[in-house]
There are 4 protein chains.
Amino acid sequence: MVSTRQVVTRNDVSFLIVPTAELTTRRRDEIARAASSEFAEHGYHATGIADIALRLGIGHGTFYRYFQNKRDILEHVLEGVVERIGAALSSEDPESASTLTEYRAQSERIGRALCDVFIDDSELAQLFFVEGMGADQQLAERLLAAQDLFAEVGERYLRNGVERGFLRADLDIATSARAINGMIFAGALAAARMPDAAAARERWVASLTSLMFEGVSRRRPPTMGESR
Amino acid sequence: MVSTRQVVTRNDVSFLIVPTAELTTRRRDEIARAASSEFAEHGYHATGIADIALRLGIGHGTFYRYFQNKRDILEHVLEGVVERIGAALSSEDPESASTLTEYRAQSERIGRALCDVFIDDSELAQLFFVEGMGADQQLAERLLAAQDLFAEVGERYLRNGVERGFLRADLDIATSARAINGMIFAGALAAARMPDAAAARERWVASLTSLMFEGVSRRRPPTMGESR
Amino acid sequence: MVSTRQVVTRNDVSFLIVPTAELTTRRRDEIARAASSEFAEHGYHATGIADIALRLGIGHGTFYRYFQNKRDILEHVLEGVVERIGAALSSEDPESASTLTEYRAQSERIGRALCDVFIDDSELAQLFFVEGMGADQQLAERLLAAQDLFAEVGERYLRNGVERGFLRADLDIATSARAINGMIFAGALAAARMPDAAAARERWVASLTSLMFEGVSRRRPPTMGESR
Amino acid sequence: MVSTRQVVTRNDVSFLIVPTAELTTRRRDEIARAASSEFAEHGYHATGIADIALRLGIGHGTFYRYFQNKRDILEHVLEGVVERIGAALSSEDPESASTLTEYRAQSERIGRALCDVFIDDSELAQLFFVEGMGADQQLAERLLAAQDLFAEVGERYLRNGVERGFLRADLDIATSARAINGMIFAGALAAARMPDAAAARERWVASLTSLMFEGVSRRRPPTMGESR
DNA sequence: TATGAATGAGATTTCATTCAT
DNA sequence: GATGAATGAAATCTCATTCAT
């Protein structure tokens, strides 16, 4: 992703300016990616440092120049995962929508973004929901905290909708936010697992927004005439 | 915890004590319970056979008289978990409801039952969603299959509702079933984690049914005057 | 050293009373002895757990059933060493001698006892002076503390002699005790290294007592007519 | 073993660069000093090549331009240690003293010199008695050989005294030389460890000479009236 | 049948040494 | 000459599993 710039220079004339920091970062990324894949494919515990190194064609001792130990890289990997999920959730301003139509469009965008995160990197879900939760108690706590954070973001959306009057006033915001997140994650996860991910995504987004806004019951069109 | 020597000698007369098969089953159950707890508390990998044995006050060699190996018991434990979840989902007949009101009540009962499963045994969620998924690829497949099965049950409910006419005709049944399951599981999980589980359960059941049937939007009451 | 008493008994009749504690102690001793030898012969760092196990013909995993880790056994071994040296030094009562003749005889006995400790187990010196000092800072501290303790014992002897009047009143007790210990240890060490250890011992004991009491100078016989 | 590419070619002309030898020697000394300190402070095995390099602010690869390997530098360091101790012992002519007074003064000078060697460089003792003895069998042999050499020097002193008639004729020269060395080393070591090293030195020198010449017994002044 | 001592495969981690730049 | 990234041998330690008692 970054050019190598191995500006090599000789003895007395000039210097070899080693972009160590950059090189290091790149290597760390490479290793982290390899580790992600191994963890997701075979599980954290079934993955040996040697497997990660083998996948990269490096010596396994090299691993330890870039990460303290095995747990360290899991932590690093999960940080990235949480960050990416968080970024998708934060791509919109929870307080910006002022009509139900806008609000709904926004929801669809978020759903789509989240699906994309999981579709782009099909390992994310496995890492976030399974490996991270099962490998280490402390990391599990952190992931639960992240889920709480995600729920809070959801709450802000819902609260805005209630305050602006286009969501039900009696909505149990905290619970609903978590429930909706549950749906969304289930959907993103399922979509990522499907062979035709793009199509699955649209189907999920449509179903979810419909479920979220109107529920499953047959009924008359809602108050202000917003179309489904 | 249970007796050891089936053959007991008293006054030079030997007695064969019990129907061994039953005793064996009981022992297996004890061990499985102990294993469940250890797995849920400390994780599958962090749990040693010795830990399970210690919890029961038996020798760890004894474990192998009842289970082939460590994986074997995880399998056994997960089977029980899946069974219990399945039982809760199957406590109602998916085709029995003939009005939306009935249908809704049925949904609430199922939700409540499911919550109870997870609340009664707070280890279930951890085992089903985390330990089982992370410990072994093959078992993970089985759990995913179980989730598919659960989704199919959900589909039958929804299909019935659509066919009877009190659910939206345009409902994407397959997707919605999975989405709703996602919500339900998220709820059951969250409720199980709460300190006041019973109260949390009611809140969740209310929120979920409301969400599921009417969604979040503010609107006129639905066609046939169902409450709330 | 201890009989095995594997009082084995069968199924329904009687029990196998496993003298676990004793067996464990014996095994620990065996391992400790093997470790001592390996450490003394090849050095602490050059010795692998596998070497110790190999010497005993046991699996190297077995080692860890008896000792926490490699450092643990070094500690254990050194404790024994210190104890044995201490026992030799404590074999006499530092305050008991009331004449120079007695005193001198006592000194010879102690010197002889100490020599014997090192001659009996020629590894002791290596362990006490070298391996223990070089392997681990913390253990080195403990050994230095032990040396201080030994010096204190020496001081008590000297103080008694001064107080009773058969040692020079101007003796620098603290320093002399340490110097004499230095001589003694050097002697015991050298004697242990000699091929004909017993003869070497006598030569050393004679030279040391002579040096200690009269020094090297030629002179008239001391005050009260003690021989030599 | 020393420099690598002495010959540099610029524009097809070859240059032999520097008094490389001297620079190399200086560098070697620097590295040796750093290594000494690290070895003495943390132990040979606990010291990594990288630690030595870090202490000097050089790259650890550079180390290998000056020393073959880790053992090589320990050897080098120990050579220096032995040399310095030997120099102190050889600062006097073992056959020069012709009276007890002279002899005694000489002994004190040697004791003082030896103390100074150890006090000046408090690492010496640790290196000589511990690290060197524990790190490598072969080096240990060499150090023992050095101790034998030191003992021989001592023997020459004693033999001279006996021959000149101011030491006891019945002195076991070989044994006494080693015993006295033991005292001296114990003293030098203790003095080096003390906070107020200079004072400790004088105390030790006084105690040792007194012990060595007159022993601990109370007695009449020696034959020829030499003062204490 | 129950037990726990013994085992060794296998995993993690360190660090002396090499060598391209 | 200097450097430090890369390497892999080797060491420690764990724990599922076996099996004699």
Side-chain angles (χ1 to χ4, degrees), chain A residues 6-12 15-18 20 23-24 27 45-51 53 58-71, chain B residues 2-7 17 20 23-24 27 45-51 53 58-71, chain C residues 6-12 15-18 20 23-24 27 45-51 53 58-71, chain D residues 3-6 8 17-18 20 23-24 27 45-51 53 58-71:
Chain A
Q6 298 282 37
V7 183
V8 185
T9 7
R10 284 298 150 198
N11 230 347
D12 38 313
F15 329 101
L16 91 161
I17 299 166
V18 195
T20 307
L23 190 147
T24 292
R27 254 305 163 88
H45 280 105
T47 299
I49 298 299
D51 299 316
I58 64 174
H60 64 274
T62 305
F63 172 90
Y64 289 92
R65 294 182 54 74
Y66 295 93
F67 292 93
Q68 300 259 329
N69 50 40
K70 197 180 168 185
R71 191 193 182 272
Chain B
V2 180
S3 76
T4 313
R5 287 172 284 131
Q6 240 101 322
V7 182
I17 303 194
T20 310
L23 189 146
T24 293
R27 254 295 162 90
H45 279 104
T47 297
I49 297 298
D51 297 319
I58 64 173
H60 64 273
T62 306
F63 171 91
Y64 288 90
R65 302 197 132 290
Y66 296 91
F67 291 94
Q68 303 255 330
N69 52 39
K70 198 179 170 187
R71 189 190 181 277
Chain C
Q6 299 282 34
V7 183
V8 186
T9 9
R10 285 300 151 197
N11 231 346
D12 39 313
F15 329 102
L16 90 162
I17 301 167
V18 195
T20 306
L23 191 147
T24 293
R27 252 308 162 85
H45 280 106
T47 298
I49 298 300
D51 298 317
I58 64 173
H60 64 273
T62 305
F63 171 90
Y64 289 93
R65 293 182 55 74
Y66 295 92
F67 292 93
Q68 300 260 328
N69 50 41
K70 198 180 169 187
R71 191 194 182 271
Chain D
S3 76
T4 314
R5 283 176 288 128
Q6 241 102 320
V8 170
I17 304 195
V18 231
T20 308
L23 189 147
T24 293
R27 253 304 165 82
H45 279 103
T47 298
I49 298 298
D51 297 319
I58 64 173
H60 65 272
T62 307
F63 171 91
Y64 288 90
R65 302 196 132 290
Y66 295 92
F67 292 93
Q68 302 255 329
N69 51 38
K70 198 180 169 187
R71 189 191 181 276

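As a basis for the values below, the full set of heavy atoms in this structure was taken, side chains included, without hydrogen atoms, waters or symmetry mates. Per chain, numbering begins at 1; letters A, B, ... match sequence-line order. In this text, all values refer to a predicted model and were calculated from it rather than measured experimentally.
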Query raised in the report: With nearest nucleotides of DNA chain F determined for C:Thr47 and B:His45 from heavy-atom distances, which residue corresponds to the more 5′ nucleotide?
Result: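 The answer here is C:Thr47.
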Query raised in the report: Quick one: stems for DNA chain E, with Watson-Crick or G-U pairs under 3.5 Å, at least three in a row?
Result: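 Counting only runs of 3 or more consecutive pairs, the stems involving DNA chain E are E:2-21 with F:2-21.
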**Report entry** Audit row: A:Thr62, A:Arg27, side-chain contact (heavy atoms from CB on, under 4.5 Å) steps and yes/no
**Finding:** CA-CA 10 Å; A:Thr62 305; A:Arg27 254 305 163 88; 3.7 Å; yes
Query raised in the report: Out of E:dT17, F:dA16, E:dT7, which nucleotide sits closest to the side chain of D:Lys70?
Result: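 It is E:dT17.
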Query raised in the report: Please give, in whole Å, the distance from F:dT3 P to D:Ile49 CD1?
Result: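 After rounding, the gap between these two atoms is 15 Å.
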Requested in this report: Quickly work out the B:Arg71 CZ to F:dT17 C1' distance and round it to whole Å.
Outcome: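 Rounded to whole Å, this separation is 16 Å.
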Query raised in the report: Distance-only, no hydrogens or angles: does the B:Lys70 side chain make a donor-acceptor pair with backbone N or O of B:Gly48 under 3.5 Å?
Result: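 The answer is no, because no donor-acceptor pair under 3.5 Å joins these two groups.
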Query raised in the report: Which residues within residues 60-69 of chain C lie with some heavy atom under 4.0 Å of an atom in DNA chain E?
Result: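 Residues of residues 60-69 of chain C under 4.0 Å from DNA chain E: C:His60, C:Gly61, C:Thr62, C:Arg65, C:Tyr66.
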Requested in this report: Pick base, sugar-phosphate or nothing for D:Arg27, based on heavy-atom distances below 4.0 Å to the nucleic acid.
Outcome: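 If one applies the 4.0 Å heavy-atom cut-off, D:Arg27 turns out to touch the sugar-phosphate alone, with no base involved.
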Query raised in the report: Do you know the tightest heavy-atom contact between D:Ala53 and D:His60?
Result: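 D:Ala53 and D:His60 have their closest heavy atoms at CB-CA, 3.4 Å.
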Requested in this report: Look up atom CG in B:Asn69 and atom CD1 in B:Ile49, then write down how far apart they are to the nearest 0.5 Å.
Outcome: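 Between B:Asn69 CG and B:Ile49 CD1, I get 8.0 Å after rounding to 0.5 Å.
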Report task. Give, for atom CZ of C:Arg65 and atom CD1 of C:Ile58, the distance between the pair rounded to the nearest 0.5 Å. Result ->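 That separation rounds to 10.5 Å.
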